[in-house]
Amino acid sequence: MTFTQELTLAEKVRFDFPILHQEVNGKPLVYFDNAATSQKPLLVIDTLRDYYEHYNANVHRGVHTLSAKATDAYEAARDKVAKFVNAKSRQEIVFTRNATEAINLVAYSWGMNNLQQGDEIILSVMEHHSNIVPWQFVAAKTGAVLKYVELTSEETFDLEQFQKLLSEKTKLVSVVHVSNTLGCINPVEEICSLAHQHDAKVLIDACQSVPHMPVDVQQIDCDWLVASGHKMCATTGVGFLCGKLELLQEMPPFLGGGEMIAEVFLDYSTYADLPHKFEAGTPAIGEAIALGAAVDYLSAIGMDKIHAYEAELTAYLFQQLEKIPQIKIYGPQPDAKGEGRAALAAFTVAEVHANDLSTLLDQEGVAIRSGHHCTQPLHRYLGAAATARASLSFYNTREEIDIFIKALKETIDFFTGIFG
Ligand code: C6P
């Protein structure tokens, strides 16, 4: 009798990621810093190279062949992103530099022009700085007031408190879909529905959800959704805003310059149609085209499959971490199947600084992030100056979790041996 063992998703895809096949500090690399940025498959690297080798030209400007080819590929990438998040129309997708710029676009274009003294903006304490600071700018300029949703005892989004914060004063709710620190998956459909009952608009920061699970903007019914390409297997330098068409139509341009205009006179200008109204200047052309390739790559695997495999990794990661008594993990517990949270764990170890953990793990070839992960208010709320964070992706394996856990145990033993 012959047995054929089915390959895991990671075993099938790992060779698509050249960077994973190297040693760091003499040890095989274990890359567990995917929430900071993902690695890139050959399809994305080759697409970028192909653009620069064969048809690098500016878009929407020239009539020559290379420019037409670059324009077609750039606009095809927009179609791919629109389909990936199930936007109603391709005009709803605006390419930005990253999620941060997409949030700033909404803050400056919509927030500065629609909010006034006493209006309320609801955020949560788990937001990334990029979903706090722009709204602080808006509040300072308009007199709007910032309100914060806190955490439940399981360290998840407190929906009950959110409902209490909502009132006729609420004009905007801007919250993260999946926390980059707690790993909790927020009930965004419910958040949108509740906010809309109060005529408030909703922005969803989908930086940590779009790369790991199916995301459908029509199902969520958010007004805007933002994400960064570099976290979803694409390059740095490109991200996107997906906004409801009617809203984007009403919003004035954010940045002025070439590309976003219809006609320019010495004393006034008229603006281009969507989405170009919001894409001033030469965009990140090759990067946007490569984002289209990343979307092709993820779609070919299937976001359901990616999510299911990452849930298996989550279950295993948590089983192993829970065996280390000195560790405190933040955010909700996964269920037995690893569902209910993202494949990341931010944790502290009594008496050992997160930076020291990260530095010693690096000596073993294991890359994790330490610090506040751009969620300083959340860290203050949790009473942790810094956390160590292991964040996984679909190309990571159980064997890598074993290497990480072994290195982590040894590091803890080392520190408790010296200082304990
Ligand atoms: N989080 C992390 O290590 P930009 O920098 O614009 O590509 O992404 C900002 C951002 C916004 N929201 C969330 C939920 C995020 O996680 C991030 C980026 C990285 O967790 C870098 S700080």
Side-chain angles (χ1 to χ4, degrees), residues 31-40 81 85 94-108 123-136 148-149 151 155-157 173-186 188 191 202-213 215 220 222 224-242 254 284 287-288 290-291 294 330-331 341-347 354-355 358 367-379 381-382 384 386-393:
Y31 185 77
F32 277 5
D33 195 16
N34 293 286
T37 198
S38 69
Q39 296 304 348
K40 323 302 174 198
V81 173
V85 296
V94 175
F95 286 127
T96 59
R97 250 181 335 126
N98 47 35
T100 302
E101 187 179 276
I103 297 172
N104 276 274
L105 188 164
V106 177
Y108 278 88
L123 311 174
S124 82
V125 293
M126 69 177 86
E127 298 312 313
H128 189 277
H129 298 164
S130 63
N131 197 25
I132 295 179
V133 182
W135 304 117
Q136 292 175 341
Y148 287 91
V149 179
L151 306 184
E155 293 174 344
T156 59
F157 186 92
V173 175
S174 190
V175 290
V176 71
H177 192 179
V178 171
S179 161
N180 70 335
T181 306
L182 299 169
C184 56
I185 303 169
N186 292 332
V188 285
I191 291 170
V202 187
L203 184 149
I204 299 297
D205 171 358
C207 269
Q208 302 290 351
S209 56
V210 165
H212 302 287
M213 61 177 75
V215 169
I220 296 172
C222 50
W224 304 279
L225 178 135
V226 303
S228 276
H230 70 93
K231 293 187 199 290
M232 49 189 289
C233 293
T235 69
T236 52
V238 69
F240 65 90
L241 164 71
C242 176
F254 167 42
E287 289 75 4
L291 172 59
Y330 295 91
R341 62 162 295 130
L344 65 86
F347 57 91
N355 289 348
S358 178
I368 63 164
R369 188 173 171 186
S370 58
H372 54 62
H373 320 305
C374 298
T375 57
Q376 273 184 355
L378 174 64
H379 277 75
Y381 184 92
L382 297 170
T387 54
R389 185 188 65 186
S391 55
L392 279 54
S393 189

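Counting convention: from 1, in listed order, for ligands and their atoms alike.
Scored by the side-chain contact (heavy atoms from CB on, under 4.5 Å) test, Ile185 finds His177, Val178, Met213 as partners (sequence neighbours excluded). Remark: Ser38 pairs with Lys40, Cys233, Tyr395 by the side-chain contact (heavy atoms from CB on, under 4.5 Å) rule, at least two apart or across chains.
In this comparison of Asn34, Asp205, Val226, Thr181, the heavy atom closest to atom 14 (C) of ligand 1 sits on Asp205. The closest heavy-atom contact to atom 22 (S) of ligand 1, among the options His129, Arg389, Lys231, Arg369, comes from Arg369.
The proximity of Thr100 to ligand 1, defined as any non-hydrogen pair under 4.0 Å, involves the side chain as well as the backbone. At a 4.0 Å heavy-atom cut-off, ligand 1 touches His230 through the side chain alone.
Of the possible donor and acceptor atoms, one in the side chain of Lys231 sits under 3.5 Å from a partner among the backbone N and O of Ala35. Glu101 places a side-chain N or O within 3.5 Å of a backbone atom of Arg97 that can act as its donor or acceptor partner. A donor-acceptor pair under 3.5 Å links the side-chain atoms of Ser358 to the main chain of Ile368, judged by distance alone. In this structure a side-chain-to-backbone donor-acceptor pair under 3.5 Å is missing from Arg369 to Ser391. Put simply, the side chain of Asn180 never gets that close to the backbone of His128: no donor and acceptor are under 3.5 Å apart.
The aromatic rings of His379 and His372 sit perpendicular to each other, their planes meeting at more than 60°, with 30° as the lower class boundary.
Backbone and side-chain nitrogen or oxygen atoms of Ser228 are examined, and one is located within less than 3.5 angstrom of a nitrogen or oxygen of ligand 1.
Each of the atoms 6 (O) of ligand 1 lies under 4.0 Å from some heavy atom of Ala99. In the vicinity of Cys374, heavy-atom distances shorter than 4.0 Å reach the ligand 1 atoms 22 (S). Below 4.0 Å from some heavy atom of Ser130 lie the following atoms of ligand 1, by number and element: 9 (C), 10 (C), 11 (C). Residue contact check: Asn180 has heavy atoms under 4.0 Å from atoms 1 (N), 2 (C), 16 (O), 20 (O) of ligand 1. The atoms of ligand 1 that sit less than 4.0 Å from any heavy atom of Val176 are 14 (C). Every atom of ligand 1 is numbered from 1 in the order shown, and the set under 4.0 Å from a heavy atom of Ala36 is 2 (C), 3 (O), 19 (C).
Scanning all protein heavy atoms for the shortest distance to atom 9 (C) of ligand 1 gives His128 CE1, 3.5 Å. When hydrogens are left out, the protein atom nearest atom 16 (O) of ligand 1 is Gln208 NE2, 2.7 Å; that is the closest non-hydrogen contact.
Of all heavy-atom pairs between Phe347 and Ala390, the closest is CE2-N, 4.4 Å.
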